[in-house]
Amino acid sequence: MNKITLKKLFPIIFFLVIFILAIAVWYSPIIFKGYSAVATASNGLVRARNFALTNHYSTENNLNVILNPALIKTQGQESNYGNKLGTIFYGFVLKIIPATTNNQIILLNCFILSLSLIIFCLAFYYLFNLKTAFIAGLTAIFLPTNWLLPQTLVGYEIALLFLSLFILFFSLGAKKFIKDKKIINKLKFWPEGFCLILSGIFLILSCLSREAFFLVLPILFIFLLFIKFKKQLLYVFVPIILIWCFTWLPDFINGKNTYLLFFTTQTQEKLKASDYAYYAHLFPDPYSYIFANQEILNAKQNFENTDVMERLGREKVLANMGQGSIDLWQRFKLGTILTARHIFRFFSITEIGGPIIFCFILLGLFYLKKQKNYWFSFLLSLFGGGIFLLAYANLAGRNHLMDWGALLALLVALGIIYLIDIFTEKFNLSNKKSFFLTAFLTVIVIYNLVLASHVLMGQNYDKSTAPALNYYVSKINQETLNTESIIAVPFGADEVYNLNFNTNQSIVAFKEKTIQDLLAKNNLKEAFQYFKITHIIGYNQELSDQILKADKDIKIISNNNIPIEKIDNNKNNKNWLLNLIK
């Protein structure tokens, strides 16, 4: 094989290695532990599964019982949960690849996310070179925030896939105009204009799949205006505005999107009550929402004997759930606190890899600035503007580093390359020595990320509910239940939806405190009949006995006494490997 053929073949081999390695690394916790660190995917997964089976965007009935999929067509109410395109697209994927267990879903997520990473790396290859793309790809694989992502949110993978395509086509359409400002407004439709149109289409598809990415639109618009990309701006934003107006906007205006609750309390009760997964941030279970709504709200809105942070936290949740409004001063205080939280995530060991990784990110930004590369301004605008809008507009406190994991990895790669360039110039290193120094530094960075990810995984596995859920799934599947059976459980929203996905049985949350209050008022049987509950699982033995005494028609599938071997089934060799890296 001649040198030219090898040179062409090498990038293909590189992308294949990154793809396979990403799947292997991200799925490795499941291989070693046998189960996920978190309750996999939760409500988005159930909506996707139901859409795949019934073509209905629904998870529950009007009492927020998470339904057996066989009942969705006849009893399911339409979900108003946002991020609709990502869930529906995932439903189409499930029609082709019918994954039915947590581990199968995680493997499928690993595959989609690995494909996204390859597309990101293609963009980095085009913008920089193969070395940069290779180091960025390796870094992205081992970033802690990326390592846990396949286990968490269904629909996010689709959004990131579209986002990677946006980055690729935006790069293809804009690169040469940045390099030569003399031709900045001599944009031809083919091929640059066409690539920019595609970039706009993929960006709005990403936004429709995960609405957090809508924050990119004003940032990108201002950025393109600032660098006087007038024609380019039109090519990107015309398809965005058209698709946005004909798809997302009508539903939002008509009150069919839970994210409307971010902006106003004047919404229909149907919107507030359509999805248990959404109002569970504030109300413990459907019974409490239906019958003790105002009582719980009054308690949450009573700020006596609360410190400043607790009060601000409550105000944030009430505002995000459409159950309370905040003035500009409160928004400023909340936004400032949330901004600090988002900024300090860049130093977090378990989210970004610690201060060392942050230093390489800064080096990468400095390298771009020194090269007068427009990606310096673009990334700085993206991160800075994103933090500002997340904190002050959305009042979002969740970790959003996962949105930009690949771009952060690019900055780390550029930081490594820049540092090696400094050493090479300072000490007049040969190409061979420079290569080995680059490899050594990359290995050190990846090792640092592995250590950080080990801490993150350890923290999550220490509190993982997955083993208990797996036990309850096995107990439910051993029962002979009919389609109309409804099981009450004392779990949180993620666990409730996950039980439904893995058993195909109707599940409803009934927290232990709610049960105890109903027992004290002698109203438990009436409440259970109202929700048509037939079985219970997961309560302690004493409470289970009290439930059975109050309603003799209820059947106990299992209490919460789980055999120890069901919680930790790791063999010694697995434990040794898991603890090899400290």
Fill in: F237 vs L220, side-chain contact (heavy atoms from CB on, under 4.5 Å): CA-CA, chis, key distance, verdict
CA-CA 9 Å; F237 273 90; L220 181 63; 4.1 Å; yes
Would you indicate whether the side-chain heavy atoms of [Y] and [X] approach each other to under 4.5 Å?
| X | Y | result |
| --- | --- | --- |
| F436 | K432 | yes |
| N257 | N80 | no |
| L113 | N146 | no |
| I357 | V445 | yes |
| I158 | T87 | no |
| F170 | F202 | no |
| S114 | I118 | no |
| K84 | L208 | no |

Return the [atom1] to [atom2] distance between [X] and [Y], rounded to the nearest 0.5 Å.
| X | Y | atom1 | atom2 | value |
| --- | --- | --- | --- | --- |
| L215 | C207 | CG | SG | 8.5 Å |
| F214 | I204 | CZ | CD1 | 4.5 Å |
| I240 | I201 | CD1 | CD1 | 9.5 Å |
| F346 | L408 | CZ | CG | 6.0 Å |
| L127 | W375 | CG | CH2 | 5.5 Å |
| I88 | N83 | CD1 | CG | 11.0 Å |

Worksheet item: Should the ring pair F358 and F347 be called parallel, tilted or perpendicular, given that the plane angle runs from 0 to 90° and is split at 30 and 60?
Response: tilted
Discussion item. Below 30° counts as parallel, above 60° as perpendicular, anything between as tilted: where do the rings of F378 and F166 land?
Written reply: tilted
Discussion item. Both conditions, 6.0 Å and 45 degrees, for the charged tip of K370 above the ring of Y418: are they met here?
Written reply: no
Item to complete: Validate the cation-pi geometry between R49 and F501: distance from NZ or CZ to the six-membered ring centre under 6.0 Å, angle to the ring axis within 45°.
Response: no
Specify the closest pair of heavy atoms between [X] and [Y], including all atoms of both residues, with the distance to one decimal.
| X | Y | result |
| --- | --- | --- |
| E192 | L172 | CG-O, 4.3 Å |
| T350 | L456 | O-CD2, 3.5 Å |
| Y57 | G82 | OH-O, 3.4 Å |
| G386 | I219 | N-CD1, 3.3 Å |
| P29 | V25 | CD-O, 3.5 Å |
| L234 | P239 | O-CD, 4.2 Å |

Discussion item. Which residue is it: F111, F89, Y90? I am looking for the one with a side chain to side chain contact (heavy atoms under 4.5 Å, CB included) to E157.
Written reply: Y90
Worksheet item: Which one of W404, F128, F120 satisfies the side chain to side chain contact (heavy atoms under 4.5 Å, CB included) criterion with L410?
Response: F128
Expected output: side-chain [X] to main-chain [Y] donor-acceptor under 3.5 Å:
| X | Y | answer |
| --- | --- | --- |
| H281 | Y278 | yes |
| Y81 | D275 | no |
| S464 | S36 | yes |
| N109 | Q151 | no |
| N448 | I444 | no |
| S116 | I112 | yes |

Practice prompt. In sequence, state the C-alpha distance, the side-chain angles, and the governing distance for K95 and N55, and then conclude on side-chain contact (heavy atoms from CB on, under 4.5 Å).
Written response: CA-CA 10 Å; K95 287 183 178 183; N55 289 325; 2.7 Å; yes
Cut-off 3.5 Å, no hydrogens considered: what does the side-chain donor-acceptor table look like for residues 245-252, sequence neighbours left out?
residue, atom, partner, partner atom, Å
T247, OG1, I243, O, 2.4
W248, NE1, E211, OE1, 3.4
W248, NE1, E211, OE2, 3.4

Are more than 12 heavy atoms from other residues, nucleotides or ligands located less than 6.0 Å from atom [atom1] of [X]?
| X | atom1 | value |
| --- | --- | --- |
| F19 | CZ | yes |
| I356 | CD1 | no |
| L115 | CG | yes |

Worksheet item: So, F376 versus F366, ring centres under 6.0 angstrom or not?
Response: no
Worksheet item: Do F162 and F213 have their ring centres less than 6.0 Å from each other?
Response: no
Worksheet item: Is there a side-chain contact (heavy atoms from CB on, under 4.5 Å) between L196 and S199 once you walk through the steps?
Response: CA-CA 5 Å; L196 290 173; S199 75; 4.3 Å; yes
Discussion item. Could you tell me if N431 and S434 have a donor-acceptor pair between their side chains, going purely by distance under 3.5 Å?
Written reply: no
Discussion item. For a side chain to side chain donor-acceptor pair (under 3.5 Å) check, start with the C-alpha distance between T424 and D421, then their side-chain angles and the critical distance, and finish with the verdict.
Written reply: CA-CA 5 Å; T424 301; D421 288 346; 5.2 Å; no
Practice prompt. Return each pair, listed once, that meets salt bridge (charged side-chain N to carboxylate O under 4.0 Å, His left out) where at least one residue sits in residues 340-352; pairs must be two or more places apart or across chains.
Written response: R345-E351
Practice prompt. Dump the intermediate steps for side-chain contact (heavy atoms from CB on, under 4.5 Å) on N103 and Y27, then the final yes or no.
Written response: CA-CA 9 Å; N103 291 354; Y27 194 70; 3.5 Å; yes
Side-chain polar contacts of residues 133-145 - donor-acceptor pairs under 3.5 angstrom, sequence neighbours left out - could you list them?
residue, atom, partner, partner atom, Å
T139, OG1, I135, O, 2.8
T145, OG1, N399, ND2, 3.4

